[in-house]
Amino acid sequence: MSKQFICEQYENVVRNQLDMKDPQSTYDTYHQLLENGFEEEQAIQLLTYAVGVQIGSILADQQPFDETHWNEMMGLLSKEIPKKGERISDYQLTKKRIRAKKEVGIFQDDQIDEYLDQLYVIDMVLYQFNSIFKLSGREILKMLEIEIVRQYAYLHQQSFNFEDCVDEIMIYLSKSLGQSFYDQYPDVEIETYIQCLNKVYSSVEFWTKEWGNDGYIEYIEKFIV
């Protein structure tokens with residue numbers, strides 16, 4: 001069963017929910033996303049991602065559909081992406097990411113085993129993003145860069161506006177990455193999360209150079225599928 005076929009089935013689930021207005025939260029969230037400036041296709045993609053996450057949880061936990069959890073996910077999706085804080089350019093974004101790496105650091109090879117589970121969560125979320133949004137290696141790097149800088153800013157009680165660097169959906173996906181990580185590991189310190197992001201960033205960078213734009217996805221696919 002191909003990834004494309006699975007994604008098409010997830011999208012069919014979304015469109016059926018919208019047609020039937022069941023759950024109501026799906027229908028409401030869809031229209032709130034449109035009101036917040038998302039294109040129709042972008043809104044469908046975000047809802048399709050949410051369906052994929054929900055089905056993944058059902059299969060992993062062997063539990064039935066939890067409408068309460070679904071409504072919580074819809075609540076997160078329906079929030080308008082804030083446009084506040086210091087506006088930064090693409091060049092400034094990269095400089096801040098490098099500064100975060102120097103200050104917080106990155107795992108050494110002999111430390112990786114201790115954080116394999118956390119790194120796997122990040123890889124899994126990025127793989128899910130790619131299966132729906134067809135992200136290139138450069139786009140994954142940009143998303144990670146935003147999330148690294150966003151967490152680094154939070155660590156220093158700062159706030160940055162990334163709208164000059166990427167579009168809204170990429171900003172949302174970076175935030176969704178953080179949300180997914182902390183859903184699994186709520187007690188992990190920000191510094192540790194940033195170190196995990198730095199490690200994954202280096203991995204994406206390496207495999208993109210080695211195997212091209214899809215190199216990182218092709219590499220982690222061996223461990224995830």
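These numbers were taken from a predicted model, which means no experiment stands behind them.
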Exercise. Has the side chain of T208 got a donor or acceptor atom that lies under 3.5 Å from a matching backbone atom of E205?
Worked result: no
Exercise. Just how far is it from atom NE2 of H69 to atom CE of M74, taken to the nearest 0.5 Å?
Worked result: 10.0 Å
Exercise. Listed by chain and number, what are the ring-ring contact (aromatic ring centres under 6.0 Å, His included) partners of Y193, not counting sequence neighbours?
Worked result: F181, Y182
Exercise. Is Q45 reaching over with its side chain to a backbone N or O of F133, donor-acceptor style, under 3.5 angstrom?
Worked result: no
Exercise. Can any side-chain N or O of T48 pair as donor or acceptor with the backbone N or O of I44 at less than 3.5 Å?
Worked result: yes
Exercise. So E86 and S159, side-chain hydrogen bond (donor to acceptor under 3.5 Å, both in side chains) or not? Walk me through it.
Worked result: CA-CA 6 Å; E86 176 190 346; S159 178; over 6 Å; no
For this session: Check whether any side-chain N or O of S131 sits under 3.5 Å from a backbone N or O of Q128 as a donor-acceptor pair, and report yes or no.
Result: yes
Exercise. Tell me, do Q17 and D22 make a side-chain contact under 4.5 Å, heavy atoms counted?
Worked result: no
For this session: Evaluate the ring planes of F107 and Y115, with Trp represented by its six-membered ring, and classify them as parallel (under 30°), tilted (30 to 60°) or perpendicular (over 60°).
Result: parallel
For this session: Could you grab the distance from atom CD of E67 to atom CD of Q54, nearest 0.5 Å is fine?
Result: 10.0 Å
Exercise. Is there side-chain contact between Q92 and F160, with at least one heavy-atom pair below 4.5 Å?
Worked result: no
Exercise. Aromatic rings F223 and Y219: how do their planes relate, parallel, tilted or perpendicular, breaks at 30° and 60°?
Worked result: perpendicular
Problem set entry | Residues that F129 engages under ring-ring contact (aromatic ring centres under 6.0 Å, His included), provided they are two or more places apart | Y49
Seminar exercise, completed: Applying side chain to side chain contact (heavy atoms under 4.5 Å, CB included) to H31 and not counting sequence neighbours gives Y27, L34
Exercise. Can D164 and S89 be said to form a side-chain hydrogen bond (donor to acceptor under 3.5 Å, both in side chains), step by step?
Worked result: CA-CA 6 Å; D164 289 342; S89 65; over 6 Å; no
For this session: Please confirm whether R97 makes a cation-pi placement over Y201, using NZ or CZ under 6.0 Å from the six-membered ring centre and within 45° of the ring normal.
Result: yes
Exercise. Is there a donor-acceptor pair under 3.5 Å between the side chain of N130 and the backbone N or O of L126?
Worked result: no
Exercise. Hey, mind stepping through D28 and Q32 against side-chain hydrogen bond (donor to acceptor under 3.5 Å, both in side chains) and telling me if it holds?
Worked result: CA-CA 6 Å; D28 293 341; Q32 288 169 350; 6.0 Å; no
